[in-house]
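Residue numbers run from 1 in the order of the sequence given.
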Amino acid sequence: MNKEVSGNIVLIGMPTSGKSTAGVILAKILGLDFVDTDLLLQKRTGKKLKDILSEDGLETFLKTEEEVCRSLAVSDAVVATGGSVVYGAGAMEHLKRIGTVVYLKIDFATLKERLHNARQRGVVLKEGQSIEDLFWERTALYERYADIIIAENGQGIEETVEKIAESVGRRQEP
């Protein structure tokens, strides 16, 4: 699925899927700005993600995350979102309006291998929700909102970045 785009590239996916890492490299290669919405959320609240969740609760976290993403006004940028952004329909509608949404897809085994402490990392988990439940719940949402899906399993960050650039119709400078 090739889609020519000028403007923003919005990365969505599970925690540890490489949104921020790939985003920084992609931005450098394509000469774009880089924005990490998790960092914007931390800046707005003055707290780490895990502290927002533990002190303010899940609903406040998700509401604030949606507000941050809905108010995002950037152009020619790679935007790495928090994994829970897909819970905010308004945020996702805005992100789709301002860019091409690319889902960095990992399988459950890869998530389990990479994600060692979900709470410490600030992963949004509902009361009693397992990582596997979270995975399947979010996978459906990521697929719903994605313009492009990049399967990452078995490839390094360079291959992921190359696939993203090709999929959005932008070639890397040699």
Side-chain angles (χ1 to χ4, degrees), residues 1-20 22-23 26-27 32-108 111 115 118-119 121-152 164 167-168:
M1 172 193 307
N2 268 353
K3 181 177 176 181
E4 186 68 34
V5 67
S6 60
N8 301 311
I9 300 167
V10 179
L11 305 178
I12 63 172
M14 288 297 296
T16 76
S17 64
K19 300 177 299 288
S20 295
L26 185 65
L32 301 174
D33 291 331
F34 176 73
V35 176
D36 187 315
T37 63
D38 278 347
L39 296 178
L40 295 177
L41 178 58
Q42 289 182 163
K43 185 174 183 177
R44 177 177 285 192
T45 62
K47 298 178 182 180
K48 294 178 185 173
L49 300 178
K50 68 180 181 96
D51 294 334
I52 302 167
L53 283 165
S54 66
E55 295 170 15
D56 302 329
L58 177 68
E59 285 184 33
T60 298
F61 181 99
L62 293 174
K63 181 180 179 223
T64 307
E65 179 180 48
E66 182 163 9
E67 289 169 1
V68 165
C69 291
R70 286 180 74 154
S71 68
L72 194 62
V74 296
S75 59
D76 295 320
V78 176
V79 179
T81 63
S84 56
V85 70
V86 291
Y87 292 129
M92 288 309 303
E93 289 166 13
H94 175 69
L95 293 170
K96 285 182 75 64
R97 263 194 311 276
I98 67 167
T100 299
V101 176
V102 179
Y103 167 30
L104 301 185
K105 184 175 185 171
I106 58 174
D107 61 23
F108 180 65
L111 175 66
L115 186 62
R119 298 273 182 220
R121 191 176 167 106
V123 174
V124 171
L125 282 169
K126 297 172 188 158
E127 189 66 37
Q129 187 176 39
S130 71
I131 295 295
E132 186 171 7
D133 292 340
L134 176 84
F135 176 83
W136 292 112
E137 178 180 79
R138 287 193 188 175
T139 294
L141 293 169
Y142 295 139
E143 290 177 356
R144 177 190 311 162
Y145 290 116
D147 296 312
I148 296 167
I149 298 174
I150 304 290
E152 290 191 83
I164 297 167
S167 294
V168 297

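Between the Thr60 side chain and the Gly57 main chain, no donor and acceptor come within less than 3.5 Å of each other. Listed for the Asp36 side chain is no donor-acceptor partner under 3.5 Å among the backbone atoms of Ser20. The closest donor-acceptor contact from the side chain of Glu132 to the backbone of Phe108 lies at 3.5 Å or more, if one exists at all. Remark: the backbone N or O of Gly13 is paired with a side-chain donor or acceptor of Lys19 at under 3.5 angstrom.
The two residues Ala77 and Val35 have their closest heavy-atom pair at CB-CG2, 4.4 Å. Contact between Asp33 and Ala27 at its shortest, heavy atoms only, is O-CB, 3.7 Å. Listed here is the closest heavy atom pair of Ala91 and Val85: CB-CG2, 4.1 Å. Scanning all heavy atoms of the two residues, the minimum distance from Phe61 to Ser84 falls at CE2-OG, 3.6 Å. The nearest pair of heavy atoms linking Leu49 to Gln42 is N-OE1, 3.3 Å.
Counting heavy atoms from C-beta on, the side chains of Pro15 and Arg138 come closer than 4.5 Å. The shortest side-chain heavy-atom distance between His94 and Ser71 does not fall under the 4.5 Å cut-off. Residues Leu53 and Leu58 are in side-chain contact: their nearest non-hydrogen atoms beyond the backbone lie under 4.5 Å apart. In this structure the side chain of Leu141 never reaches within 4.5 angstrom of the side chain of Met92, judged on heavy atoms. By the 4.5 Å heavy-atom criterion applied to side chains, Val102 and Ser167 are not counted as neighbours. Considering only heavy atoms from C-beta on, Tyr142 stays 4.5 Å or farther from Lys105 through its side chain.
Atom CG of Leu72 is separated from atom OG1 of Thr37 by 7.5 Å, given to the nearest 0.5 angstrom. The line from OG1 of Thr64 to CG of Leu41 is 6.5 Å long, rounded to the nearest 0.5 Å. In this structure, Asp76 CG and Ile9 CD1 are separated by 9.5 Å, a value rounded to the nearest 0.5 Å.
Environment of CZ in Arg70: sparse, with no more than 12 heavy atoms of neighbouring residues, nucleotides or ligands closer than 6.0 Å.
Residues meeting the salt bridge (charged side-chain N to carboxylate O under 4.0 Å, His left out) test with Lys48, sequence neighbours left out: none. For Glu152, the salt bridge (charged side-chain N to carboxylate O under 4.0 Å, His left out) test picks out no residue, with sequence neighbours left out.
For the residue pair Thr100 / Asp147, no side-chain donor-acceptor distance below 3.5 Å is found, with atom types taken as modelled.
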*Step by step, would you call Leu11 with Ile164 a side-chain contact (heavy atoms from CB on, under 4.5 Å)?*
CA-CA 9 Å; Leu11 305 178; Ile164 297 167; 4.2 Å; yes

